[in-house]
Amino acid sequence: MQVVGLTGGLGSGKSTVAALLRSSGLPVIDADLVARQVTQDPAVLERIAQAFGPQVRRADGSLDRQAVASIVFQDQQARQQLNQIVHPLVRQALWAEVARLRGSPAPPPAVVLDIPLLIEGGWHTQMDLVVVVWATPEQQLERAIARGGLTRAQAQQRLAAQMSLKDKLPHAHVVIDNSGTLESTRFQVQALLARLTETH
């Protein structure tokens, strides 16, 4: 069973590619979803509140993700601090799921780990295949705004805080060019699936 690392950037279309892979029957594990589950743990919540202040908790005690985002996307040190709390727990949960799939009676030909910070976190060195979803910087910005919830300034700030897609490309075994039509992206995903099932 191959372990495929899927990454991209804000507005690149990584979620679209992940959905296409998932609909083909491959298991796709979303690191953001795992991070949400991890931060529901009261002990983890407490560590985040101690690091960033009581304003990151809602009245019901849950994590206010918008409040955390407004802090960490303006401050690289704060972002690193949050990553130090959350990432080891996410890593542990993801590899536990990979081990579970590998040990199942009929393991799939591949498992896809959908990880936004795949390269920044050094995860890419542990993958059998690294897939980067690419779009132009202009498309990234416009899509991030169109998705709602972000102003142009906020979208620009978040893009500036991320490693650029251009810098991620050298680490990719496969690049999915998502700057064109959905049909074009679907065709590239089919080619990736063929490659993964052929080597199974």
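Just so it is clear, the values below take in all heavy atoms, side chains as well, and ignore hydrogens, waters and symmetry mates. One-based numbering along the sequence shown.
- The two residues Leu165 and Gly9 make their nearest non-hydrogen contact at CD2-N, 3.6 Å.
- Atoms CD and CD, on Glu138 and Gln140 in that order, are 9.0 Å from each other to the nearest 0.5 Å.
- Clustering of Ile, Leu, Val, Met, Phe, Trp and Tyr side chains at separations under 4.5 Å places Leu150 together with Leu10, Leu141, Ile145, Leu159.
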Go through the steps for Gln190 and Arg195 under the test side-chain hydrogen bond (donor to acceptor under 3.5 Å, both in side chains), then give the verdict. CA-CA 9 Å; Gln190 289 299 329; Arg195 173 174 175 172; over 6 Å; no
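- Counting heavy atoms from C-beta outward, Thr7 and Val131 have side chains that stay 4.5 Å or more apart.
- The number of heavy-atom neighbours closer than 6.0 Å to CD of Gln92, taken from other residues, nucleotides and ligands shown, is 12 or below.
- Residues Ile85 and Val44 have side chains in contact (heavy-atom distance under 4.5 Å, counting atoms from C-beta outward).
- Within the 4.5 Å cutoff, no side-chain heavy atoms of Leu6 are placed close to those of Leu118.
- In this structure, Arg22 has no side-chain hydrogen bond (donor to acceptor under 3.5 Å, both in side chains) partners at least two apart in sequence or on a different chain.
- With Ser12 contributing its side chain and Ala135 its backbone, the two residues share no donor-acceptor pair below 3.5 Å.
- For the pair Gln76 and Gln81, the minimum side-chain heavy-atom distance is 4.5 Å or more.
- Residues Phe187 and Val17 do not share a hydrophobic cluster, defined by chaining ILVMFWY side chains whose heavy atoms lie under 4.5 Å apart.
- Side chain of Arg102 to backbone of Met1: a donor-acceptor contact under 3.5 angstrom is found.
- In this structure, Ala93 and Val34 approach most closely via the heavy-atom pair CB-CG1, 3.6 Å.
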Go through the steps for Leu89 and Asp41 under the test side-chain contact (heavy atoms from CB on, under 4.5 Å), then give the verdict. CA-CA 11 Å; Leu89 299 167; Asp41 181 326; over 6 Å; no
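- Contact annotation: the side chain of Leu129 approaches that of Leu196 to within less than 4.5 Å [non-hydrogen atoms, C-beta and beyond].
- Between the Arg58 side chain and the Leu63 main chain, a donor and an acceptor come within less than 3.5 Å of each other.
- Ser24 and Leu193 get closest at one heavy-atom pair: OG-CD2, 3.3 Å.
- Asp128 places a side-chain N or O within 3.5 Å of a backbone atom of Val3 that can act as its donor or acceptor partner.
- Between Ala35 and Val86 the shortest heavy-atom distance is CB-CG1, 4.1 Å.
- Contact between Val56 and Ala49 at its shortest, heavy atoms only, is CG2-CA, 3.8 Å.
- A continuous path of ILVMFWY side-chain contacts below 4.5 Å connects Val130 to Trp95, so both sit in one hydrophobic cluster.
- Residues Leu192 and Leu21 are in side-chain contact: their nearest non-hydrogen atoms beyond the backbone lie under 4.5 Å apart.
- In this structure, Ser184 contributes its side chain and Gly180 its backbone to no donor-acceptor pair below 3.5 Å.
- Across all non-hydrogen atoms, the minimal contact from Arg57 to Gly61 is NE-O, 3.3 Å.
- Of the possible donor and acceptor atoms, one in the side chain of Arg79 sits under 3.5 Å from a partner among the backbone N and O of Val72.
- In terms of modelled atom types and a separation under 3.5 Å, the side chain of Lys168 and the main chain of Ile119 share no donor-acceptor contact.
- Rounded to the nearest 0.5 Å, atoms OG1 (Thr16) and CZ (Arg143) are 7.5 Å apart.
- The line from CD of Gln157 to CZ of Phe73 is 8.5 Å long, rounded to the nearest 0.5 Å.
- The shortest distance between side-chain heavy atoms of Ile48 and Leu82 falls below 4.5 Å.
- At distances below 3.5 Å, not a single donor-acceptor pair connects side-chain atoms of Gln74 with backbone N or O atoms of Ile71.
- Partners of His171 under the ring pair (Phe, Tyr, Trp, His ring centres under 6.0 Å) rule, at least two apart in sequence or in another chain, are His124.
- Within the 4.5 Å cutoff, the side chain of Arg47 has no heavy atoms near those of the Gln84 side chain.
- Hydrophobic clustering keeps Val132 apart from Leu117 (ILVMFWY residues linked when any side-chain heavy atoms are closer than 4.5 Å, directly or through intermediates).
- Separating the NE2 atom in His87 from the CD atom in Glu120 is a distance of 9.0 Å, to the nearest 0.5 Å.
- In this structure, CH2 on Trp134 lies 8.0 Å from CG on Leu169, to the nearest 0.5 angstrom.
- A side-chain donor-acceptor contact under 3.5 Å links Gln139 to the backbone of Thr136.
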I would like to know whether Arg147 and Glu142 meet salt bridge (Lys or Arg N to Asp or Glu O under 4.0 Å); could you show each step before the answer? CA-CA 9 Å; Arg147 254 187 357 204; Glu142 294 307 323; over 6 Å; no
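- Between atom CG of residue Leu113 and atom CG of residue Leu94 there is a gap of 5.5 Å, rounded to the nearest 0.5 Å.
- A donor-acceptor pair under 3.5 Å links the side-chain atoms of Gln55 to the main chain of Phe52, judged by distance alone.
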Walk me through it: do Asp114 and Leu33 pass the test side-chain contact (heavy atoms from CB on, under 4.5 Å)? CA-CA 10 Å; Asp114 177 351; Leu33 194 60; over 6 Å; no
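- Residue Arg65 places its CZ atom among more than 12 non-hydrogen atoms of other residues, nucleotides or ligands, all under 6.0 Å distant.
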